[in-house]
Amino acid sequence: MAAAGLVLAGCTVDDGAATAPTAAALTADQALHDQLPQAVKDSGVLRFAGDSHPPYRTVGPDGKTVTGIDHDFQQALGQLLGVRTETTIVSGLPAALQGMLSGRYEAFNGPVKATAEREKQFDTVTWMTTRTAYVVPEGSAAGIKQAADLCGKRVAVVTASVVEDQLAKLSAFCQGKQRPVVQVVGLDDTNATLLAAKSGRADAAGMTQAAAIDVTSQQKGQYEYVTQTEEQGATKDNLALYTPKAGKLGPVLQKAFEELFRNGTYARIMKQWGLEDVTVPQPLFDVASAK
């Protein structure tokens with residue numbers, strides 16, 4: 001898994017508009033299709049950027065197959081909007097954001113925290129929340145039994161991610177307890193952070209709780225995880241799809257997500273991936289700017 005995440009930058013995957021394995025295909029909504037930007041209607045393709053980030057995006061050994069939560073939602077959105085979807089695997093959040101601004105991709109489904117600063121350039125559609133967890137190799141000598149034990153330890157995180165922000169809050173907690181701050185090891189994607197923890201370059205890998213659940217369930221007996229508490233600065237963050245404001249795609253994707261909520265597709269996908277506890281009651285548009 002780690003190797004796939006490290007070598008596939010730039011790979012383009014055509015998700016098509018095929019039926020998801022666990023549900024019938026959605027009927028295209030002509031009204032929503034008509035509201036798409038002309039460039040998307042002309043090409044018939046909605047282009048997504050995506051870093052390697054299980055369980056949101058897992059890139060197969062063939063370098064062509066992407067599975068995960070993001071894939072399932074892209075399939076549903078493509079069916080509803082009457083277009084194909086393509087995913088280009090990029091190296092981390094900065095590459096995804098810059099690629100959208102330069103016109104290479106129309107959207108990035110995260111998970112990315114919705115922030116007022118980023119919403120100056122991007123529309124966001126919040127579709128889930130999360131807490132931050134830290135994955136530790138089983139049998140580690142670092143003595144990490146709870147998040148507070150990370151004070152003074154080396155923690156690998158994806159650069160510019162919501163987890164990096166949460167880790168800074170954990171460091172503030174450590175300082176308040178007169179303990180050393182966390183040593184941050186910034187890397188490109190979640191697989192790289194996990195590899196750093198496994199190789200000993202870091203003592204733990206920070207990631208969303210959903211990703212930690214996936215790692216520990218898929219690799220049973222190899223890892224365990226601890227979750228950051230509110231006392232340690234943890235917040236329940238809004239995680240969103242991003243799309244450039246200039247492309248005028250945001251309002252259409254918001255309406256498409258509203259339909260996925262209404263017709264039960266959203267609940268089905270979240271349940272399929274065991275994420276019922278991080279759902280939201282409805283998709284939220286540009287929620288950070290509204291505060």
Side-chain angles (χ1 to χ4, degrees), residues 32 35-37 39-40 46-51 53 56-57 68-78 80-81 83 85 87-88 90 92-132 158-166 189-190 207-211 234-262 265-267 269-270 273 275 278-291:
L32 286 177
Q35 294 174 55
L36 287 169
V40 176
L46 190 58
R47 301 168 300 168
F48 283 83
D51 55 356
H53 191 162
Y56 302 95
R57 287 168 299 277
I69 305 164
D70 192 16
H71 170 270
D72 291 354
F73 274 112
Q74 286 185 27
Q75 291 255 317
L77 288 170
L80 190 59
L81 294 169
V83 295
T85 59
T87 300
T88 297
V90 299
L93 177 60
L97 296 178
Q98 187 56 46
M100 285 188 288
L101 291 176
S102 65
R104 290 196 295 275
Y105 327 112
E106 279 86 34
F108 176 54
N109 206 23
V112 185
K113 181 179 179 180
T115 68
E117 182 62 29
R118 290 186 184 141
E119 284 178 1
K120 293 176 181 178
Q121 293 180 294
F122 298 93
D123 283 327
T124 67
V125 179
T126 292
W127 56 278
M128 68 176 291
T129 63
T130 192
R131 289 194 182 277
T132 295
V158 176
T159 301
S161 67
V162 61
V163 176
E164 186 175 49
D165 181 58
Q166 292 289 300
D189 59 43
T190 299
M207 59 190 70
T208 64
Q209 188 174 3
T235 56
K236 208 169 188 179
D237 291 303
N238 292 310
L239 298 186
L241 174 149
Y242 271 56
T243 185
K245 285 186 182 294
K248 303 186 184 304
L249 180 62
V252 186
L253 290 176
Q254 169 69 16
K255 292 176 183 178
F257 260 99
E258 289 173 355
E259 176 59 20
L260 295 182
F261 274 64
R262 188 198 65 76
T265 300
Y266 171 79
I269 293 175
M270 295 299 275
W273 289 96
L275 299 179
V278 292
T279 59
V280 292
Q282 61 186 15
L284 305 172
F285 189 70
D286 287 352
V287 65
S289 301
K291 293 181 179 178

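Throughout, numbering of the chain's residues begins at 1 and tracks the sequence. Remember, it's a predicted structure, so these values are computed and weren't measured experimentally.
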(request) Mind listing the closest non-hydrogen atom pair of Leu97 and Arg118 along with its distance? (result) CD1-NE, 4.1 Å
(request) Flag the pair Asp70 / His53 as yes when at least one side-chain heavy-atom distance between them is below 4.5 Å, and no otherwise. (result) no
(request) Could you check if a side-chain atom of Leu253 sits within less than 4.5 angstrom of a side-chain atom of Asp123, using non-hydrogen atoms only? (result) no
(request) Mind telling me whether Phe73 and Tyr266 have parallel, tilted or perpendicular rings, with 30° and 60° as the class edges? (result) tilted
(message) Let me confirm one number: the CZ-CD1 distance from Arg57 to Ile69, rounded to the nearest 0.5 Å.
(response) 9.5 Å
(request) Check whether any side-chain heavy atom of Arg104 lies under 4.5 Å from a side-chain heavy atom of Val90, and answer yes or no. (result) no
(message) So which atom in Ala234 and which in Gln166 form the shortest heavy-atom distance, rounded to 0.1 Å?
(response) CA-OE1, 3.1 Å
(message) Which heavy atom of Leu260 sits nearest to which heavy atom of Ala76, and what is that distance?
(response) CD2-CB, 3.9 Å
(message) Using modelled atom types and a 3.5 Å cut-off, is there a donor and acceptor pairing between side-chain atoms of Gln75 and backbone atoms of His71?
(response) no
(request) Check whether any side-chain heavy atom of Leu77 sits under 4.5 Å from a side-chain heavy atom of Phe257, and report yes or no. (result) yes
(request) Working to the nearest 0.5 Å, report the span between CD of Gln74 and CG of Leu241. (result) 8.5 Å
(message) Is the shortest side-chain heavy-atom distance between Val278 and Met270 below 4.5 Å?
(response) yes
(request) Mind checking the CG-CE spacing from Asp189 to Met207? Nearest 0.5 Å is all I need. (result) 10.5 Å
(message) For a quick test of reading the model, state the closest non-hydrogen atom pair linking Gln254 to Pro283 and the distance between them.
(response) NE2-O, 3.2 Å
(request) Report the distance from atom CD of Glu117 to atom CZ of Phe122, rounding to the nearest 0.5 Å. (result) 11.0 Å
(request) Would you mind reporting whether Tyr56 and Met128 have side-chain heavy atoms less than 4.5 Å apart? (result) yes
(message) Any carboxylate oxygen within less than 4.0 angstrom of a Lys/Arg side-chain nitrogen, looking at Glu259 and Arg262?
(response) yes
(message) Pair Val158, Leu93 - check side chain to side chain contact (heavy atoms under 4.5 Å, CB included), show working.
(response) CA-CA 8 Å; Val158 176; Leu93 177 60; 5.5 Å; no
(message) Is there a side-chain contact between Phe285 and Val125 in this structure, where contact means two heavy atoms from C-beta onward sitting under 4.5 Å apart?
(response) yes
(request) Determine the minimum heavy-atom distance between Thr126 and Ala114, stating which atoms define it. (result) OG1-CB, 4.0 Å
(message) So, applying side-chain hydrogen bond (donor to acceptor under 3.5 Å, both in side chains) with Lys113, which one of Thr124, Thr235, Thr129, Asp165 is it?
(response) Asp165
(message) If the test is side-chain contact (heavy atoms from CB on, under 4.5 Å), which one of Leu32, Leu249, Val40 qualifies with Leu81?
(response) Leu32
(request) Quick one: closest heavy-atom pair of Lys236 and Arg131, and the distance? (result) N-NH1, 4.0 Å
(message) Let me confirm one number: the OG1-CG distance from Thr208 to Leu239, rounded to the nearest 0.5 Å.
(response) 7.5 Å
